[in-house]
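Numbered from 1 within each chain, the chains take letters A, B, ... in sequence-line order.
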2 protein chains.
Amino acid sequence: MITQKAKYALRALTVLAEADDGEPVMISDIAAQQKIPKKFLEQILLDLKHQGIVVSRRGKQGGYLLLKPADMITFGEVLRIIDGPIAPLPCLSITAYRKCDDCDDEQNCEIRHVFAKVADATRKVLFSTTIADAVAPRGAEVTRMLA
Amino acid sequence: MITQKAKYALRALTVLAEADDGEPVMISDIAAQQKIPKKFLEQILLDLKHQGIVVSRRGKQGGYLLLKPADMITFGEVLRIIDGPIAPLPCLSITAYRKCDDCDDEQNCEIRHVFAKVADATRKVLFSTTIADAVAPRGAEVTRMLA
DNA sequence: TTAATCTCTATTGATTTAGTAGGGTTACAC
DNA sequence: GTGTAACCCTACTAAATCAATAGAGATTAA
């Protein structure tokens with residue numbers, strides 16, 4: 001299960017993706033629109049800012065904007081920032097590799113072998129889907145395939 | 001990430017799969033062989049027993065055996081028993097569906113749509129891989145494909 | 001200059017994780 | 001028929017994580 005926090009982050013980004021270009025959206029507007037506790041959302045957006053996903057403007061008329069175009073922000077990178085490694089085992093993580101405590105011969109680990117496939121399949125989906133895909137009207141994928 | 005408990009469960013089952021047919025394996029042997037805390041393993045095997053994956057014999061000369069052949073026990077069903085739902089969102093779980101608190105129109109949820117693909121891809125791997133696959137010598141898959 | 005807005009750190013209660021503890025029950029071996 | 005080696009079951013606990021809340025600080029437009 002992904003965390004509530006990650007869900008909030010993705011929803012918040014879809015709001016920013018749908019905003020007019022260059023127009024910052026206030027935290028409180030995002031929070032209201034997506035039913036996210038405002039103070040919690042503040043932390044989330046701050047994380048996303050520190051990791052280069054969004055930018056902010058302070059003071060009156062301030063708010064948040066996407067730093068990159070929505071079709072350049074993948075679900076995978078957002079999940080990594082908020083929830084940590086995508087991989088189901090530490091020894092399969094690309095960004096946070098760690099040997100399993102109870103495993104000595106990693107190459108021959110029966111478990112690892114199977115979960116490597118799971119990780120690949122998951123990554124394939126998460127890194128090929130962007131925030132733009134999420135906000136696209138349903139049926140857009142078909143449209144694109146026909147184009 | 002899957003839990004340590006699930007990893008232990010899968011490893012324990014591979015031990016049972018490699019045991020001689022009809023020969024029970026003692027908890028302490030499994031624990032020693034796979035470096036699993038014995039008392040913790042007791043609980044795990046008990047769960048697996050209650051869910052019809054293994055059977056036990058009590059008393060002296062007792063131990064555990066697989067209830068079904070190893071190639072009929074999938075990673076998916078073991079994970080469900082130990083870690084709960086496979087799905088990354090409660091609203092995508094087959095066995096434990098629950099509406100997301102913050103979501104009213106499930107059909108049009110942008111997030112759900114993406115994670116449905118993740119769930120499908122994950123299930124495809126987890127329910128097509130069995131304990132028998134895990135214990136099979138490396139290269140067996142290729143062998144099978146050439147056969 | 002003031003009010004609206006983001007920034008940052010700390011704290012908290014609930015839940016989950018990864019075990020430990022400690023009896024109880026069963027059945028083989030002698 | 002008794003001892004003891006095995007599984008059975010429930011409860012407990014320490015640490016980590018999750019989902020927030022709290023509150024003071026910094027910045028900027030009006």
Peer 1: Distance check needed: D:dA6 P versus B:Leu41 CG, whole Å only.
Peer 2: 15 Å
Peer 1: Answer yes or no: side-chain N or O of B:Lys39 and base N or O of C:dG22 forming a donor-acceptor pair under 3.5 Å.
Peer 2: yes
Peer 1: Mapping B:Tyr8 and A:Ser56 to their closest nucleotides on DNA chain C, which lands nearer the 5' end?
Peer 2: A:Ser56
Peer 1: If you pin A:Lys60 and A:Pro37 to their nearest nucleotides in DNA chain D, which one's is more 5'?
Peer 2: A:Pro37
Peer 1: Between D:dC7 atom P and B:Leu65 atom CG, what is the distance in whole Å?
Peer 2: 11 Å
Peer 1: The side chain of B:Gln61 lies closest to which of these nucleotides: C:dT7, C:dA29, D:dC7?
Peer 2: C:dA29
Peer 1: Choosing from C:dA18, D:dC8, C:dC8, which nucleotide comes nearest the side chain of B:Lys49?
Peer 2: D:dC8
Peer 1: Name the nucleic acid region contacted by B:Leu45, choosing base, sugar-phosphate or nothing; use a 4.0 angstrom heavy-atom cut-off, strictly under.
Peer 2: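 Answer is nothing: B:Leu45 stays at 4.0 Å or more from every strand.
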Peer 1: Counting distance alone, no hydrogens or angles: does the base of D:dT28 have a donor or acceptor under 3.5 Å from a partner atom on the side chain of A:Arg58?
Peer 2: no
Peer 1: Give the intermediate values and the outcome of side-chain contact (heavy atoms from CB on, under 4.5 Å) for residues B:Gln34 and B:Leu41.
Peer 2: CA-CA 10 Å; B:Gln34 294 288 341; B:Leu41 180 57; over 6 Å; no
Peer 1: May I ask you to decide whether A:Lys35 forms a salt bridge with B:Asp104, counting only side-chain N to carboxylate O separations under 4.0 Å?
Peer 2: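 Yes, charged N to carboxylate O under 4.0 Å.
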Peer 1: When you match B:His50 and A:Lys5 each to their closest nucleotide on DNA chain D, which lands nearer the 5' end?
Peer 2: B:His50
Peer 1: Rounded to whole Å, please give me the gap between CD1 in A:Ile44 and C1' in C:dT7.
Peer 2: 15 Å
Peer 1: Return the value, rounded to whole Å, for the distance between atom NZ of B:Lys7 and atom P of C:dT17.
Peer 2: 14 Å
Peer 1: Assess whether one donor atom and one acceptor atom, taken from the side chain of A:Gln43 and the base of D:dT21, lie less than 3.5 Å apart.
Peer 2: yes
Peer 1: Can you tell me the distance, in whole Å, between the CE atom of B:Met26 and the C1' atom of D:dT4?
Peer 2: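 Rounded to whole Å, this separation is 13 Å.
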Peer 1: Looking at B:Arg112 and B:Glu106, does any basic side-chain N land under 4.0 Å from a carboxylate oxygen?
Peer 2: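 Yes, this pair counts.
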Peer 1: Quick one: the side chain of B:Glu42 and the base of D:dC8, do they pair up donor-acceptor inside 3.5 Å?
Peer 2: yes
Peer 1: In terms of side-chain heavy atoms of B:Phe40, which of D:dA19, D:dT21, C:dG19 is nearest?
Peer 2: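 Looking only at heavy atoms from C-beta outward on B:Phe40, the closest nucleotide is C:dG19.
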Peer 1: Does the pair A:Arg57/A:Glu23 count as a salt bridge with the N-to-O cut at 4.0 Å?
Peer 2: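 Not counted as a salt bridge, because no side-chain N and carboxylate O are separated by less than 4.0 Å.
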Peer 1: Going by heavy atoms in the side chains, are B:Asp133 and A:Val114 under 4.5 Å from each other?
Peer 2: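 The answer is no, as the side chains (C-beta and beyond) never meet within the 4.5 Å cut-off.
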Peer 1: Nearest-Å distance, CG (B:Asp47) to C1' (D:dC8)?
Peer 2: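 Rounding to the nearest Å, CG of B:Asp47 and C1' of D:dC8 are 12 Å apart.
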Peer 1: Rounded to the Å, how far apart are B:Asp101 CG and C:dT15 P?
Peer 2: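 Computing the B:Asp101:CG to C:dT15:P distance gives 13 Å.
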